[in-house]
Amino acid sequence: MAKIDLVRNIGIVAHIDAGKTTVTERFLYYSGRSHKIGEVHDGEAQMDWMPQEQERGITITAAATTLSWNNHEIHLIDTPGHVDFTIEVERSLRVLDGAVVVFCGRGGVEPQSETVWAQADKFHVPRIAFVNKLDRVGAELPTVVAQIREKLGANPVVVQLPIGEEGDFVGVVDLIERKALRWTGKEEDPPAVEEIPTHMGDAVEAAREELVEAVADFDDELAERYLEGEEISAKEIRAALRSGTLANRCVPVLCGAALRNRGIQPLLDAVGHYLPAPTEVAEVEAFIPGTDRRVSQRPVDQDPLCALAFKVAMEQGRKMVFFRVYSGRIKPGDTLYNPRAGKKDKVSLVLKMHANKRERIQAAVAGDIAVGMGLKSVGTGDTLCQEDHPLLLEAIDSYETVISVAVEPKNLPEKDKMDFGLAKMVEEDPTFGVREDAETGQTLISGMGELHLEIMTDRLMREYGVSVRVGKPQVVYRETVRGPATEEYRFERRQEDDRVFGHARIAVSPLPRGSENVALAELGGDPPPPQELVEAALEGMRDAFRSGPEGGYPIKDVKAVLVGLEVPEGATNEVPYKIAAQEAFRKAMRTARVQLLEPVMDVEVTTPEESMGEVIGDLNQRGGRIEASQFRGNKRVIAAKVPLKQMFGYSTALRSLTKGRAVFSMRFSEFDAHGGD
């Protein structure tokens with residue numbers, strides 16, 4: 001078997017507090033990668049290495065490591081669960097071949113579980129599910145499995161049953177091998193392999209029957225033998241289950257309690273059994289730059305290089321580029337070409353990462369996830385290739401910022417340091433923005449939520465030594481138009497004896513909510529205007545989308561059509577046509593009447609039944625729209641859509657309303673008319 005067939009590129013993903021990092025720490029310990037388990041609640045988790053992660057007990061940045069288990073080389077990325085850092089999950093899943101999705105045995109499918117599941121669907125990533133925390137009061141495997149089926153539209157296939165419930169949970173029954181695994185809870189003790197408890201015999205046989213019936217769907221020959229009543233071997237069940245998982249037709253479900261060191265070894269086994277090698281996923285397609293031609297990239301070291309830079313991180317001012325190699329190899333000293341920037345960079349070092357620790361390697365080959373130093377021109381989503389064999393992979397999607405704060409240095413000499421630090425952080429994080437307010441001259445930073453901006457300002461102080469004053473959070477709006485309008489602008493200047501002239505006539509109209517902006521030309525005339533002047537005007541229109549005439553917010557859901565271009569004979573200067581198009585567009589926006597759009601959030605509150613009335617009343621007062629109310633265990637779960645500006649300080653208000661017994665989660669839903677107008 002080739003080495004690449006034993007490689008697994010996987011991510012651990014979940015809702016916040018489901019136990020992702022706790023599972024990862026056990027992976028490291030049992031594989032021998034670490035000799036001590038680092039606990040999240042002690043601030044000692046190896047994968048949560050940032051000071052902000054250790055203080056808050058949450059994962060903020062995706063951390064990579066490599067470990068070995070049963071001859072498999074597992075490249076693992078532990079991702080954040082908090083919605084503010086969802087870009088870390090998005091760009092990790094883009095380069096991974098498989099994922100372990102962790103669910104809380106009590107919380108089940110929570111809002112961010114749905115988000116990460118949708119992200120995995122987007123990239124067709126095969127998954128296995130691990131139902132964690134089965135030792136907690138109220139934890140129920142069947143309930144979580146039902147939610148995976150109903151809420152996520154998945155086909156969960158249970159391969160283990162828990163032995164004992166809640167505080168009495170001590171092990172699992174392996175339905176494939178028909179054996180029991182029991183753990184003492186001491187981290188150093190391996191599971192004891194035992195006979196199935198007598199009282200579970202009927203339940204185990206019924207569950208195994210369901211398992212065999214499910215996997216028979218993925219193998220016609222197996223289905224035939226099953227219908228004829230033949231015994232299906234453990235090896236055959238595993239092969240069929242692997243086939244169904246790789247085709248995204250099912251999700252094997254395992255269970256345990258990671259904090260109590262129960263269920264981890266079988267989960268590591270499952271990574272090798274059911275998740276794909278780089279050779280078993282669809283070949284990545286790259287474009288030949290400047291053409292529509294696509295080329296499939298085989299995971300072969302000898303082929304031309306094709307790699308995707310999926311993350312940029314700064315360490316003491318030095319740029320580290322995380323990349324996934326799809327074909328070819330990268331060695332220290334290689335000159336790599338970045339077709340987006342049209343630049344070449346020499347990679348000085350190639351590293352394997354273990355959280356924030358680095359290990360030099362001789363080469364990164366097809367199927368590897370590694371880090372390169374010295375790649376100055378490379379950003380998130382860029383392709384790395386050879387200049388004589390240029391290739392371009394599809395870029396990584398980003399997310400729209402929804403909140404901003406003003407930051408200013410405590411004194412003037414600090415301003416340059418602040419600007420330097422902010423520029424480096426923008427390079428790292430595609431969901432972090434910086435701009436200067438044209439009216440006040442203030443520096444505004446924007447991001448995905450209050451926690452996101454809190455972390456960024458904290459990093460400014462710790463990493464770049466800048467003390468800043470931070471303003472109150474402000475909502476980041478979008479601007480659109482209420483109706484259609486057409487306007488023109490004539491740009492004329494005299495420069496010595498030359499006449500600089502540009503003219504554009506532009507029609508704007510609204511598009512449905514959630515559309516992409518559109519800029520196009522519909523020009524008559526014979527002969528038609530020079531194409532380079534048309535392109536200059538279109539570029540001006542696209543630039544104008546970045547800042548609206550009302551508050552300088554980005555423009556959304558607008559169609560802009562260039563319908564007129566006056567061109568004097570011999571005109572070749574593109575700049576005045578770009579300026580004329582920008583000004584005509586702004587005039588048309590004002591005539592069409594600008595409408596502000598505000599971010600609206602999906603809010604989910606889990607509260608005791610007796611507090612439900614107060615919670616719903618408070619959400620209504622905040623301009624929220626109640627979408628659903630249902631039971632989850634003995635708690636009531638309320639789903640609502642609420643304008644973001646009404647949610648500042650909500651955690652304090654909710655604690656007061658429910659005596660601290662309710663929790664909530666929030667994620668961006670859509671931009672909608674400000675104030676409902």
Side-chain angles (χ1 to χ4, degrees), residues 4-15 18 20 23-24 27 59 62-66 72-81 85-103 109 112-131 148-149 151-157 218 241-254 267-268 270-285 296-297 299 307-308 310-311 322-326 366-369 380-381 393-399:
I4 195 170
D5 295 329
L6 294 171
V7 169
R8 298 289 183 270
N9 289 313
I10 68 162
I12 311 279
V13 299
H15 183 88
K20 287 180 321 314
V23 169
T24 305
F27 274 18
T59 303
T65 190
T66 301
H72 289 88
E73 182 179 302
I74 300 172
H75 303 152
L76 182 149
I77 297 180
D78 176 34
T79 65
F85 309 105
T86 196
I87 185 66
E88 292 283 338
V89 184
E90 178 91 10
R91 58 188 180 182
S92 299
L93 284 171
R94 170 66 191 277
V95 297
L96 294 171
D97 301 325
V100 176
V101 187
V102 182
F103 297 93
V109 175
Q112 190 65 2
S113 313
E114 296 180 56
T115 302
V116 298
W117 197 271
Q119 288 169 314
D121 278 343
K122 177 178 175 181
F123 298 121
H124 310 292
V125 175
R127 279 143 275 179
I128 54 182
F130 181 67
V131 180
I148 292 172
R149 181 176 291 110
K151 287 191 171 186
L152 304 177
N155 178 21
V157 177
F218 315 128
L241 190 53
R242 176 179 180 77
S243 172
T245 306
L246 297 193
N248 273 308
R249 294 177 61 193
C250 72
V251 179
V253 180
L254 294 89
L267 183 58
L268 275 165
V271 168
H273 287 322
Y274 308 123
L275 294 181
T279 50
E280 294 173 301
V281 294
E283 290 179 356
V284 170
E285 289 195 331
S296 290
Q297 301 307 301
L308 181 71
F310 67 94
K311 177 180 163 109
F322 289 71
F323 58 80
R324 160 75 189 264
V325 183
Y326 288 105
D368 276 352
I369 290 173
T380 297
L393 293 163
E394 196 174 316
I396 294 173
D397 290 341
S398 189
Y399 288 83

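All values below were derived from every heavy atom in this structure, side-chain atoms included, with hydrogens, water molecules and symmetry-related copies excluded. A quick note: this is a predicted structure, and the numbers were derived from the prediction, not measured.
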- Query: Atom NE2 of H72 and atom CG of L275: how far apart are they, to the nearest 0.5 Å?
  - Reply: 10.0 Å
- Query: What heavy-atom pair brings T245 and Y274 nearest, and what distance separates the two atoms?
  - Reply: CG2-O, 3.6 Å
- If you take all heavy atoms of R324 and P278, which pair is closest and at what distance? NH2-CB, 3.8 Å
- What distance do L93 atom CG and E90 atom CD have between them, rounded to the nearest 0.5 Å? 7.5 Å
- Task: Calculate, to the nearest 0.5 Å, the distance between atoms CD1 and CG belonging to I4 and D368 respectively.
- Result: 8.0 Å
- Do L6 and E73 come close enough that some side-chain heavy atom pair is under 4.5 Å? no
- Message: I need the F27 CZ to L267 CG distance, nearest 0.5 Å.
- Response: 4.0 Å
- Query: Less than 4.5 Å apart, any side-chain heavy atom of R249 and any of N155?
  - Reply: no
- Considering residues, nucleotides and ligands other than E394, do more than 12 of their heavy atoms fall under 6.0 Å from its CD? no
- If every non-hydrogen atom of N9 is compared with every non-hydrogen atom of G367, which pair is closest and at what distance? ND2-O, 2.8 Å
- Task: Provide the closest heavy-atom pair for V251 versus A129 in the form atom of the first, atom of the second, distance.
- Result: CG1-N, 3.7 Å
- Query: OG1 of T279 to CG of D5: how many Å apart, nearest 0.5 Å?
  - Reply: 4.0 Å
- Item | H273: partners by side-chain contact (heavy atoms from CB on, under 4.5 Å), with sequence neighbours left out | R238, D269
- Are the side chains of F103 and V253 in touch, meaning some heavy atoms are under 4.5 Å apart? no
- So do R127 and D121 actually touch side chain to side chain, heavy atoms under 4.5 Å? yes
- Reference residue V284; test side chain to side chain contact (heavy atoms under 4.5 Å, CB included); the match among L393, L308, V95: L393
- Minimum side-chain heavy-atom gap D97-V7 below 4.5 Å: no
- Under the 3.5 angstrom rule, does the side chain of N248 hit a backbone N or O of H124 as a donor-acceptor pair? yes
- Query: Once you round to the nearest 0.5 Å, how far does CD1 of I10 lie from CD1 of I74?
  - Reply: 5.5 Å
- Message: How close do C250 and L241 get, counting heavy atoms only, and between which atoms?
- Response: SG-CD1, 3.8 Å
- Item | Considering all heavy atoms, the nearest I128-A270 contact | CD1-CB, 3.9 Å
- Task: Please tell me if the side chains of F310 and I369 come closer than 4.5 Å, counting only heavy atoms from C-beta onward.
- Result: yes
